[in-house]
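Only one structure is covered here, and it is reproduced in the block below.
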Number of protein chains: 2
Amino acid sequence: MDVIQRELTAFARRARATAARLHPDLPLVSYTLLAHIDHQQGCRATDLAAHYLLDKSTVSRQVAALEKLGLVERHPDPDDHRMQVLHPTPSGTEALASTQASRRAAYRKRLGSWASEDLTRFAEYLLRYNEAGDTGTAP
Amino acid sequence: MDVIQRELTAFARRARATAARLHPDLPLVSYTLLAHIDHQQGCRATDLAAHYLLDKSTVSRQVAALEKLGLVERHPDPDDHRMQVLHPTPSGTEALASTQASRRAAYRKRLGSWASEDLTRFAEYLLRYNEAGDTGTAP
DNA sequence: ACTAATAGTTGTAGCATACATCTAATGCCT
DNA sequence: AGGCATTAGATGTATGCTACAACTATTAGT
């Protein structure tokens, strides 16, 4: 269990550097948010904050940056004018696709030699681990 | 494979917040470095930089902070006066132990229900994944 | 002895983040 | 309907972590 702890920490520590190398153009964190927005096909800022354990203000600024770059659009929710629904613009989708490509290449390099059985199990473990955080961490 | 990518990213994104909650007292990154120093029983600043993909300057400041807090000692290497060997002070070891405790509790909460077989395999996967980064990322 | 490489420090700048505060919109409750 | 609490988001401010560049001190190669 200590090993898991140590290795996850090491990974987290390195993640920034690795990510910065993978897409030096896109403001890094923004990339993650953009990916999430795309994956969810439209979501609110609060969702992002909750999912990544970020402060509202942080998300607000990041989204503003993404909008400024023309990668996302904000549409006020017709039902509730407090909220804004976020959607990637075509340009955003494109930017995402291109970074996804290099990202995938990097992952393939790292995981290419793994047996598909191991990959499946690894993914399963990660999902399980992260889900535990979702529920157990917000009392 | 995309799942692995997404989940690892999500984890990395959350890691900071989680870590900050676990030991609000210790300057967070410093904790990681302190743990590594302790685990390695004495190491140099460059080793830390290499292991966590950090810049020399970053490590230098972090270590300086740790020293200021009285958690590590720097001894110039007798063989090579350029280097400094880092060691945790008793106070550092103690601080580490206490945060380790709460950290372990959090992990136990998350992983307690896992079969030990799964834990072993998860640890193994993480090691394997991180090792691939060690070698494959520094051409 | 001169040059190149290495370990570490310091100056400077930037991004990501949190906390506190503020506004606008909504919901509830009597 | 009016009033208080809640929620979504924005903005002000401060801080932490980080990188890059320039500098010193030490060591190694030739």
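Quantities reported herein were computed from a predicted structural model and do not represent experimental measurements. Below, chains carry the letters A, B, ... as their sequence lines are ordered, and counting in each starts from 1.
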Discussion item. Is a donor from one side chain sitting under 3.5 angstrom from an acceptor on the other, for A:Arg103 and B:Thr9?
Written reply: yes
Could you check how far [atom1] of [X] sits from [atom2] of [N], rounded to whole Å?
X: B:Gln84; N: C:dT6; atom1: CD; atom2: C1'; value: 13 Å
X: B:Asp55; N: C:dT9; atom1: CG; atom2: C1'; value: 12 Å
X: B:Leu54; N: C:dG8; atom1: CG; atom2: P; value: 14 Å

### Query
Counting only side-chain N and O atoms of B:Arg13, is one of them less than 4.0 Å from OP1 or OP2 of C:dT17?
yes
Just N and O in the side chain of A:Arg74: are any of them under 4.0 Å from OP1 or OP2 of D:dA10? yes
So, with a heavy-atom separation below 4.0 Å from DNA chain C, the residues of residues 37-48 of chain B are B:Arg44, B:Ala45, B:Thr46
Residues A:Arg104, B:Asp2: salt bridge by 4.0 Å N-O rule: yes
Are there over 12 heavy-atom neighbours, none belonging to A:Gln40, within less than 6.0 Å of that residue's CD? yes
For B:Thr89 and B:Val72 the tightest heavy-atom approach is CG2-C, 3.6 Å
Ranking A:Arg16 and A:Val85 by the position along DNA chain D of their nearest nucleotide, the one closer to 5' is A:Val85
TODO: Tell me, with the steps shown, if B:Arg128 and A:Asp118 meet salt bridge (Lys or Arg N to Asp or Glu O under 4.0 Å).
DONE: CA-CA 11 Å; B:Arg128 191 169 160 193; A:Asp118 288 335; 3.5 Å; yes
Quiz item: Relative to each other, are the rings of A:Phe11 and B:Tyr129 parallel, tilted or perpendicular (30° and 60° limits)?
Solution: perpendicular
Report task. Name the orientation class of the two ring planes belonging to B:His36 and B:Tyr52 (parallel below 30°, tilted from 30 to 60°, perpendicular beyond 60°). Result -> perpendicular
Are [Y] and [X] co-members of a hydrophobic cluster defined by side-chain heavy atoms under 4.5 Å apart?
X: B:Phe122; Y: B:Leu8; value: yes
X: A:Leu127; Y: B:Leu126; value: no
X: B:Ile4; Y: A:Tyr125; value: yes

Counting primed atoms, P, OP1 and OP2 as sugar-phosphate and everything else as base, the B/S/- map of nucleotides 23-30 of chain D against protein heavy atoms under 4.0 Å is ---BS---
Assert: residue with more 5' nearest nucleotide on DNA chain C, out of A:Ser30 and A:Ser57, is A:Ser30
The reported gap from CE in B:Met83 to CZ in B:Arg44 (rounded to nearest 0.5 angstrom) is 5.0 Å
Note: contacts of residues 58-69 of chain B with DNA chain D (heavy atom, under 4.0 Å) are B:Thr58, B:Arg61, B:Gln62
